[in-house]
**Q** 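Okay, here's the structure, questions in a sec.
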2 protein chains.
Amino acid sequence: MHHPGPPGPCGHPLHPVVRKLSAYGPLKTEEQAALAGLGAGGQRVDGRLDLLVEGAAPDSAVLVLEGIACRYRHRVSGARQITAYLLPGDLCDPDLVHVSRMTHTVGTLGPCRVARIPRETLAGLTERHPGIALALRRAKLAEEETTREWVMNVGCRSAIERVSHLLCELHARLQTVGWATSAGYDLPLTQQDLADTTGLSNVHVNRTLRQLRLMRLVEVGGKRVDILDLPGLQALAEFQPDYLRPADG
Amino acid sequence: MHHPGPPGPCGHPLHPVVRKLSAYGPLKTEEQAALAGLGAGGQRVDGRLDLLVEGAAPDSAVLVLEGIACRYRHRVSGARQITAYLLPGDLCDPDLVHVSRMTHTVGTLGPCRVARIPRETLAGLTERHPGIALALRRAKLAEEETTREWVMNVGCRSAIERVSHLLCELHARLQTVGWATSAGYDLPLTQQDLADTTGLSNVHVNRTLRQLRLMRLVEVGGKRVDILDLPGLQALAEFQPDYLRPADG
DNA sequence: CGTCGTCTTGATGATGTTCAATGACAGTGG
DNA sequence: CCACTGTCATTGAACATCATCAAGACGACG
């Protein structure tokens, strides 16, 4: 069982933000150092905790260092829809300069380590370091593509395809920040969380996971995802990872 | 029956881009003039025509002046998912500087009038006119919120709620650019298009529209949407238009 | 050791899909 | 002017997928 030990159990001893943004553009040594400095104020927080609540005026961005957070909203009926995952290295929300009121909530799923970045800090960073600014814009573009991919997912894929696609996306994203190997990754989510993400019921998510296990593609359980057959899983999901790197050729 | 006569059948004789961006921030007279100049190169194009195809490297942005276009993608099974609508005044895609290959296709639904904006023109515009740059960033923010709202829509709403919500969103967005009144708006889409948007089958969209008609909320047919009971429709859809103006208080 | 949350499984039923056929309508060419 | 054609809308019937309800098992934690 993996234990989240900084700075990532498998890979370079690098800050997740540096790893993530480096994937979107070259960063100078001083830019990497400036980014790594953001992790200094990291706080450990529990799971199921709201960091930015719907309706509030955000005063700072949130940087995820470890764990998994998400954006979500509730319907009046009580149904919850998760609209994005925030993984280590993800920054939410760089554009808060323009937002007066949050239209959704940002909260942790499992236990996390997060840092709050005041808007001035963020603004100074992008002004002084053009490489960071460029990488952030590309990362944001990838985030938009990802949301569109989620529309595809819930809009026109079957249950098993949705779950498979989600597992593939998490694997790809976690791998770039050093929190996943080809064997799998830790996933501190409940099946209800997966249901709220994929637009399925918790019961049906359970049955879908069982089916994936019987198909010898992937085993999900115990807060852990063990990948048995990555090509098979990706084929089932029609997973095309290029949407995660829209700036690449 | 409304006929699309420039510059919009109901409202100020203003360019749709000016109307749209003005909603996101004040524009100086010279900025409005610069924006209106973008419409000069407008071309009439047929419906069901692809403007930017998946996989290609975009060389220019597309500005919609009249009609409705969309972003979409096909699955290998042939199923299509529409991930966004592009209405008059919408610009796609201001950030093409960072995109090397399109991950989805942009095409018209009904007949349109569109203008291609070379990246240099766009870059010059935002450099010289800070008001335009700010409004564009806010418009993009609204676009992101809209995509998240679509995830909500297909993820956790029933068929009638999805269709109602879509009709409400189109009404609100078209109204700000002068192409809708409180009575309704022209909608040159087939029921299959609505199905590909909402993640339903064309047959079920048909039945859902009939139900909405029987409920005396809205009548959709003949390329036209006649709104009978806007508050009722919005209530059914739980429509909260604030996601279209994330920068407002 | 009891309690709570989560996972698991079965049974039942609602919601929405698929297939198929018909009707309405516009465009086209004779 | 009228048949011919194709697209879109509409409806019925059978079916599939997935949700809901309910109950038990399991594990973590006080």
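Just so it is clear, the values below take in all heavy atoms, side chains as well, and ignore hydrogens, waters and symmetry mates. Convention: sequence-line order gives letters A, B, ...; per-chain numbering from 1.
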**Q** List the residues meeting side-chain contact (heavy atoms from CB on, under 4.5 Å) with B:Ala235, not counting sequence neighbours, and say none if there are none.
**A** none
**Q** Any side-chain to backbone donor/acceptor pair from A:Arg224 onto A:Pro188? Under 3.5 Å, distance only.
**A** no
**Q** Is the side chain of B:Glu219 donor-acceptor paired with the backbone N or O of B:Val225 at a distance under 3.5 Å, no angle test?
**A** no
**Q** Just how large is the angle between the end axes of the helix from C:dC1-D:dG30 to C:dG30-D:dC1, five pairs per end, to 10 degrees?
**A** 30°
**Q** Classify the ring geometry of A:Tyr243 against A:His165: parallel below 30°, tilted from 30° to 60°, perpendicular beyond 60°.
**A** parallel
**Q** Just jot down the salt bridge (Lys or Arg N to Asp or Glu O under 4.0 Å) partners of A:Glu149, sequence neighbours excluded, or say none.
**A** A:Arg157, B:Arg73
**Q** CD of A:Gln192 versus P of C:dG5: gap in Å, rounded?
**A** 13 Å
**Q** Does B:Leu230 have any side-chain contact (heavy atoms from CB on, under 4.5 Å) partners at least two apart in sequence or in another chain, and if so, which?
**A** B:His171, B:Ile227, B:Gln234
**Q** Checking A:Asp193 now: which residues fulfil salt bridge (Lys or Arg N to Asp or Glu O under 4.0 Å) with it, not counting sequence neighbours?
**A** A:Arg48, A:Arg80
**Q** Can you check the A:Asn206 CG to C:dT9 P distance for me, whole Å?
**A** 6 Å
**Q** According to ring pair (Phe, Tyr, Trp, His ring centres under 6.0 Å), does anything in residues 45-78 of chain A pair up with another residue at least two apart or in another chain? List the pairs.
**A** A:Tyr72-A:His74
**Q** Between C1' on C:dT6 and CZ on A:Arg48, what's the gap in Å once rounded to a whole number?
**A** 10 Å
**Q** Where does the chain B footprint on DNA chain D start and end, counting 5' to 3' with a 4.0 Å heavy-atom cut-off?
**A** D:dC8 to D:dA13
**Q** Would you list the pairs meeting ring pair (Phe, Tyr, Trp, His ring centres under 6.0 Å) in which at least one residue belongs to residues 198-224 of chain A, sequence neighbours left out?
**A** none
**Q** Does a side-chain N or O from A:Gln191 land closer than 4.0 Å to OP1 or OP2 of C:dG5, or not?
**A** no
**Q** Near DNA chain C, under 4.0 Å by heavy atom, which residues of residues 147-159 of chain B?
**A** B:Ser158, B:Ala159
**Q** So, B:Ser158 and B:Glu161: side-chain donor and acceptor under 3.5 Å apart, yes or no?
**A** yes
**Q** When you check every protein heavy atom under 4.0 Å of nucleotides 17-22 of chain C, what one-letter string (B, S, -) results, 5' to 3'?
**A** BBB---
**Q** Going by side-chain contact (heavy atoms from CB on, under 4.5 Å), name the residues that satisfy it together with B:Ser77, two or more places apart in sequence or in a different chain.
**A** B:Arg75, B:Ala79
**Q** Measure from CG on A:Leu189 to C1' on C:dT6 and round the result to the nearest Å.
**A** 13 Å
**Q** Taking the side chain from B:Asp50 and the backbone from B:Val53, do they hold a donor-acceptor pair closer than 3.5 Å?
**A** no
**Q** Write down the distance between CG (A:Leu109) and P (C:dT6), rounded to a whole number of angstrom.
**A** 12 Å
**Q** Filter on side chain to side chain donor-acceptor pair (under 3.5 Å), then keep only pairs touching residues 54-63 of chain B, sequence neighbours left out; what's left?
**A** none
